[in-house]
Visitor: 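Following this message is one structure expressed as structure tokens.
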Amino acid sequence: HEIFFQNIIKIFIAVDPIALIPIFATLSAKIPKQKIFKLGLVIFATSTSLLTFFTIFGNKFLEIIGISIISFQIAGGVFLFFIAFEMLFEKRSERKEKLIKKNINDDYLISFSIFPIAIPLIAGPSVITLSILISEDFTLNFFDIYTKLFPLYIVIFFTVLIFFTSKITASFFGKSVVLVLQKIFGIILGALAIEFIINAFKLINERFITMQENLSISHDGKYCIGCLRTILEISNWNKFGDKKKRKIVKQLKKRETNV
């Protein structure tokens, strides 16, 4: 249950539904009451479908385009840190409010519930990044579905409930409470971002140590005695093109005399 609750907290902070309360309240005031429920269903279906895709196939997608999970962890950590910075200084809320004001149109409520409400106000880049990071090595078993997919569905469901009750919730919390909670979430998200980056560098260090233990290194520490490639060449071999590989192979005979 620990991983389940940890992921709920992480996703809740990334979605930041509390900060969406005043935006939803402004929006719902312009939408007929009989259409609110229908729009909520569209928002839930769109957000969960997108995030489910990235949770299940996100890491495979990264592999196809040649990006390692370590690189994505570092880039994702930097990105989430930037989002946390915006949350602390209210720039994120300001940008979302402008997006709502710019695109509101009663004639296209369904398309509007998909964009910009479901995407990117709820399922934005920060949540997509987080869904990929927490779902490394995802497999279709009960444990992964329970700990990685269910937290997404619970947070999105809660966010849609806020959409339904945004007018009441906005008056209950008040603007000052929303701002305080947003800043607290910003600090926590910043800490999570740093943790992602630190874990990525730890993983790099672990892989480097493991590689050194499994290789017979030359006396000068440059080459593997078995294949005569450098550690950097071995670790990146699958990423090299044929031209680069042929160039390295040509150099192996020269290295043989130096080992």
Side-chain angles (χ1 to χ4, degrees), residues 4-5 7-58 83 86-87 90 92-132 134-135 145-175 177-179 181-182 184-185 189:
F4 172 78
F5 287 112
N7 285 340
I8 283 183
I9 293 168
K10 289 175 183 177
I11 295 162
F12 187 88
I13 292 168
V15 174
D16 195 13
I18 303 300
L20 292 172
I21 291 172
I23 298 172
F24 284 165
T26 304
L27 175 64
S28 59
K30 303 175 183 180
I31 299 174
K33 290 183 180 179
Q34 64 271 23
K35 294 185 179 179
I36 290 284
F37 182 74
K38 183 179 180 181
L39 293 182
L41 292 178
V42 173
I43 292 167
F44 181 81
T46 305
S47 303
T48 52
S49 297
L50 180 69
L51 294 176
T52 298
F53 172 81
F54 279 105
T55 301
I56 297 174
F57 302 109
I83 294 293
E86 286 195 325
M87 288 171 70
E90 300 176 40
R92 195 183 186 202
S93 293
E94 289 173 8
R95 189 174 66 249
K96 287 184 175 183
E97 285 171 8
K98 287 178 182 176
L99 192 61
I100 287 292
K101 290 174 183 177
K102 191 182 292 185
N103 288 283
I104 185 68
N105 189 324
D106 291 335
D107 296 330
Y108 299 98
L109 288 177
I110 297 296
S111 61
F112 184 74
S113 64
I114 297 171
F115 178 88
I117 301 179
I119 309 166
L121 292 184
I122 296 176
S126 58
V127 191
I128 292 172
T129 301
L130 190 62
S131 66
I132 294 174
I134 66 176
S135 62
I145 292 171
Y146 173 68
T147 57
K148 296 172 182 178
L149 281 179
F150 277 13
L152 280 171
Y153 300 155
I154 290 169
V155 173
I156 300 301
F157 179 73
F158 178 76
T159 306
V160 173
L161 283 181
I162 287 179
F163 175 71
F164 290 147
T165 60
S166 54
K167 290 179 186 176
I168 301 169
T169 315
S171 59
F172 176 77
F173 276 107
K175 192 173 182 180
V177 175
V178 172
L179 288 174
L181 290 173
Q182 185 179 349
I184 292 171
F185 290 163
L189 186 62

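This is a predicted model, so every value here is computed, not measured.
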Visitor: Locate the shortest heavy-atom distance separating I128 from A123; write the atom from each residue and the value.
Guide: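 So the minimum-distance heavy-atom pair works out to CD1-O, 3.9 Å.
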
Visitor: Determine whether more than 12 heavy atoms belonging to other residues, nucleotides or ligands lie under 6.0 Å from atom CZ of F37.
Guide: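 Atom CZ in F37 is not crowded, with 12 or fewer foreign heavy atoms closer than 6.0 Å.
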
Visitor: Distance-only, no hydrogens or angles: does the T48 side chain make a donor-acceptor pair with backbone N or O of A45 under 3.5 Å?
Guide: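 Yes; judged by distance alone, with no hydrogens or angles, the pair exists.
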
Visitor: Search all heavy atoms of I43 against all heavy atoms of A118 and return the closest pair with its distance.
Guide: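 So the two residues come closest at O-CB, 3.9 Å.
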
Visitor: Does Y153 form a ring pair (Phe, Tyr, Trp, His ring centres under 6.0 Å) with F44? I'd like the steps, not just the answer.
Guide: CA-CA 9 Å; Y153 300 155; F44 181 81; 7.0 Å; no

Visitor: Answer yes or no: is there a side-chain heavy-atom contact under 4.5 Å between I36 and F163?
Guide: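 Yes, side chains in contact.
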
Visitor: Just by distance, do the side chain of N7 and the backbone of P151 share a donor-acceptor pair under 3.5 Å?
Guide: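 No.
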
Visitor: Are side-chain heavy atoms of F4 and I154 found at a separation under 4.5 Å?
Guide: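 A side-chain contact exists here, since the closest heavy-atom pair is under 4.5 Å.
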
Visitor: With the side chain counted from C-beta on, respond yes when T159 and F12 share a heavy-atom pair under 4.5 Å apart, and no when they do not.
Guide: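 Not in contact.
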
Visitor: Does a sphere of radius 6.0 Å around OH in Y146 hold more than 12 heavy atoms from other residues, nucleotides or ligands, not counting ones at 6.0 Å or beyond?
Guide: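 Counting neighbours around OH of Y146, more than 12 heavy atoms of other residues, nucleotides or ligands fall under 6.0 Å, so yes.
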
Visitor: Within the structure provided, determine whether L152 and T52 are in side-chain contact (heavy-atom separation under 4.5 Å).
Guide: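 Not touching, per the 4.5 Å side-chain cut-off.
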
Visitor: Answer whether the closest heavy-atom distance between the side chains of I132 and T55 falls below 4.5 Å.
Guide: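 They are not in contact (no side-chain heavy atoms under 4.5 Å apart), so the answer is no.
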
Visitor: Passes side chain to side chain contact (heavy atoms under 4.5 Å, CB included), T46 versus I119? Steps please.
Guide: CA-CA 8 Å; T46 305; I119 309 166; 3.9 Å; yes

Visitor: Measure the shortest side-chain to side-chain distance between V127 and I122 over non-hydrogen atoms and say whether it is less than 4.5 angstrom.
Guide: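 SC-SC contact between V127 and I122 ruled out.
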
Visitor: Measure the CD1-OG1 distance between I134 and T147 for me, rounded to the nearest 0.5 Å.
Guide: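 Answer for the CD1-OG1 pair, I134 versus T147, is 8.0 Å.
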
Visitor: For the CD1 atom of I9 and the CD1 atom of I13, what is their distance to the nearest 0.5 Å?
Guide: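 Result: 7.0 Å between the selected atoms.
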
